[in-house]
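Notes follow the structure.
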Amino acid sequence: MGIYLNPGAGKFLEALNSEIYVDKSGLIAYTNKVLGTKQKYVCVSRPRRFGKSMAADMLSAYYDRSNDSEKLFNALNISRDASYEDYLNKYDVVKINMQSFLSQSHSISELLEFLKEDISEELVNEYCDVKINSRRGLSNAFDKVYIETQRKFIIIIDEWDCIFREYRDDNKAQEQYLDFMRDWMKDKDYIGLAYMTGILPIKKYGTHSALNMFSEFSMEDPGPLSEYVGFTEIEVRKLCNKYSLEFDECKAWYNGYYFPESGPVYNPNSIVRAMLSHRFSDYWNQTENYEALRIYIDMNFDGLRDAILRMMAGDRQVINTGSFQNDMTSFANADDVMTLLIHLGYLGYDFDTKEVFIPNREIMQEFITATTAKNSWDEIIKSVKNSQKLIEATWLGDAEKVASYIENAHLETSHLQYNDENSLSYTISLAYYAARQYYTLVREIPTGKGFADLAFIPRKKYADKPAMIVELKWNKDAETAITQIKDKRYPLGLTEYKDNMLLVGINYNRETRKHVCIIEEYKYR
């Protein structure tokens, strides 16, 4: 057993021994399927704390021939797969965390030298009967071992893309690294499987296709690996039952990532922390500084600011992810920035509609923190500042105060075109930010004989709060809004709240630039 060559099962055993372990061993069935085929190169990219390293530890423990891992895997899902025994502890594994080499070096050249020396040394020690000349390079050393033994290697590289984050502006260093990776792995008979994890997909360099042999599974399209991106809804429900936590509240906090093959997916780190602390909160900021988000949303690309504001108000934004260069610097437009935010986990992505959105309450809090920490986002600061007062004034039926608070939250036309009921709804949604603690906000909800503009549906935890139906008007009057709610019988869609419901009509007068509000208690007939 070595540090890099056949490192043992210790890290995976730690995961199994943890209070919460969710079985993701089904991933091994996929890697067994592609092992030794043209699809043997697998690159998985996900945000931080989405279980990438744990998956790498699991694969290493399973394939490592220096282990006797049967006792670790016999109780896991993979043990029921037909391929289970065929590959268990049958391979030499080389497992590398590239971040550890990066932290020990001062340049890409030094990093690569350290890596080659350390791995070559372990190969020489393990295969002392094979004449390995470490000066001939790493690929030559692996070739020698394979020719003499006919043993294929499993190469597992964690944090493979850390170079592109540390040397984000050094194209020469990046190309040097990619060329090394290509020379080591591309078209090599000694590789049975190459599995890489990172935050970013493989860097694009125009015609420089260094690692085009890899199949990529990213937050845009994880395909058959979707259920291994994070925790599935079934897995989260089981945890909520075990730890006696309200699933609907958990869903509001952490749901939002969705893939057609798996359905909803949750951030494992946030779920585990919530279960163990028995408290729903924003755990994202414990692993990522909000400054990282602010840098990107402050970029001066046409349409980016409007898109962020609309998404913070609950809207979705259609984007084109095709021009993104899979790095943190080569941005050509707002879509490139938002594509990066998909890979960093700050935005969810709907593959079918090509839309991005803020996935859940936890990530929404990151956007609020990032925007209210700087005066350039004055409209957000205004909205959040008075948000709690606004919802309390609504509960009290104080229509004059409600109109006043919405007036203060009114988005300037230089930031978001404020010229119809749709843009008015963005203002209202942002102004009622604090309401998300108590309510699920639904825009264009089908009720009665039409669609109500906004519905505030109380969460189970706050069942004592009144449900609210909000109708918006542009250059008309608030009375018309209230009349429409009644005439089209919108409350019929929320009959379980018939004894505790508020009807809210809001009108914006374009000439006077004033908002008028009417609030009525719903009288069930």
Examine the side chains of Asp327 and Ser330 and answer whether a donor and an acceptor come within less than 3.5 Å of each other.
yes
State whether a side-chain donor-acceptor pair under 3.5 Å links Asn241 with Arg237.
no
Which atom pair, heavy atoms only, marks the closest approach of [X] to [Y]?
X      : Y      : value
Val22  : Glu235 : CG1-CD, 3.5 Å
Val34  : Thr37  : O-OG1, 2.6 Å
Trp284 : Pro47  : CH2-CB, 4.3 Å
Ile271 : Cys250 : CD1-SG, 3.6 Å
Ser218 : Pro201 : CB-CG, 4.2 Å
Ile28  : Tyr63  : O-OH, 4.1 Å

Over 60° means perpendicular and under 30° means parallel, so classify the ring planes of [Y] and [X], tilted if in between.
X      : Y      : answer
Tyr87  : Tyr91  : parallel
Phe153 : Tyr190 : perpendicular
Trp160 : Tyr177 : parallel
Phe324 : His343 : parallel

Keeping [X] on the side-chain end and [Y] on the backbone end, is there a donor-acceptor pair under 3.5 Å?
X      : Y      : result
Asp64  : Gly8   : yes
Arg165 : Leu200 : no
Gln325 : Ser323 : yes
Ser226 : Ser262 : no
Asn89  : Tyr62  : yes
Glu159 : Gln99  : no
Asn360 : Ala252 : no
Ser25  : Ile78  : yes
Glu216 : Ile202 : yes
Lys152 : Asp189 : yes

One pair to check against side-chain contact (heavy atoms from CB on, under 4.5 Å): Tyr30 and Val42. What are the steps and the verdict?
CA-CA 10 Å; Tyr30 177 83; Val42 178; 4.3 Å; yes
Taking C-beta and beyond as the side chain, do [X] and [Y] meet within less than 4.5 Å on heavy atoms?
X      : Y      : result
Asp118 : Ile96  : no
Arg459 : Thr440 : yes
Tyr266 : Glu233 : yes
Asp352 : Tyr258 : no
Ser79  : Tyr84  : yes
Tyr254 : Phe280 : yes
Asn171 : Gln174 : yes
Met213 : Met185 : yes

Please walk me through it: do Asn6 and Ser66 pass side-chain hydrogen bond (donor to acceptor under 3.5 Å, both in side chains)?
CA-CA 6 Å; Asn6 297 329; Ser66 73; 5.0 Å; no
If you count every heavy atom of other residues, nucleotides or ligands that lies below 6.0 Å from [X] atom [atom1], does the total exceed 12?
X      : atom1 : result
Asn300 : CG    : no
Leu13  : CG    : yes
Met54  : CE    : no
Glu85  : CD    : no
His278 : NE2   : yes
Leu276 : CG    : yes

Starting from the C-alpha separation in whole Å, work towards a yes-or-no answer on side-chain contact (heavy atoms from CB on, under 4.5 Å) for Thr197 and Ser53.
CA-CA 8 Å; Thr197 76; Ser53 296; 5.7 Å; no
Quiz item: cation-pi between Lys144 and Tyr146, 6.0 Å / 45°
no
Check for me whether the distance between the ring centres of Phe73 and Phe12 falls short of 6.0 Å.
yes
For the atom pair [atom1] ([X]) and [atom2] ([Y]), what is the distance rounded to the nearest 0.5 Å?
X      : Y      : atom1 : atom2 : value
Arg310 : Ile358 : CZ    : CD1   : 13.5 Å
Tyr41  : Ile155 : OH    : CD1   : 9.5 Å
Gln39  : Phe214 : CD    : CZ    : 13.0 Å
Asp336 : Thr329 : CG    : OG1   : 10.5 Å
Leu193 : Lys33  : CG    : NZ    : 14.0 Å
Ile108 : Ile163 : CD1   : CD1   : 5.0 Å

So which of Gln365, Arg361, Met364 actually passes side-chain contact (heavy atoms from CB on, under 4.5 Å) with Arg436?
Met364
Does [X] come within less than 4.0 Å of [Y], counting only side-chain N to carboxylate O?
X      : Y      : answer
Lys11  : Glu14  : no
Arg49  : Glu362 : no
Lys461 : Asp248 : no

Between Phe367 and Met311, is a side-chain contact (heavy atoms from CB on, under 4.5 Å) present by the stated rule, with each step listed?
CA-CA 10 Å; Phe367 276 88; Met311 287 188 288; 5.9 Å; no
Using the side-chain hydrogen bond (donor to acceptor under 3.5 Å, both in side chains) rule, take Asn77 and Asp23 through it: C-alpha gap first, then chi angles, then the decisive distance, then the call.
CA-CA 7 Å; Asn77 293 333; Asp23 186 354; 3.3 Å; yes
Residue that, paired with Tyr438, satisfies ring-ring contact (aromatic ring centres under 6.0 Å, His included) out of Tyr462, Phe456, Tyr433
Tyr462
Which is it for Ile20 and Tyr243 under the side-chain contact (heavy atoms from CB on, under 4.5 Å) test, yes or no, and what are the steps along the way?
CA-CA 11 Å; Ile20 294 178; Tyr243 287 89; 3.2 Å; yes
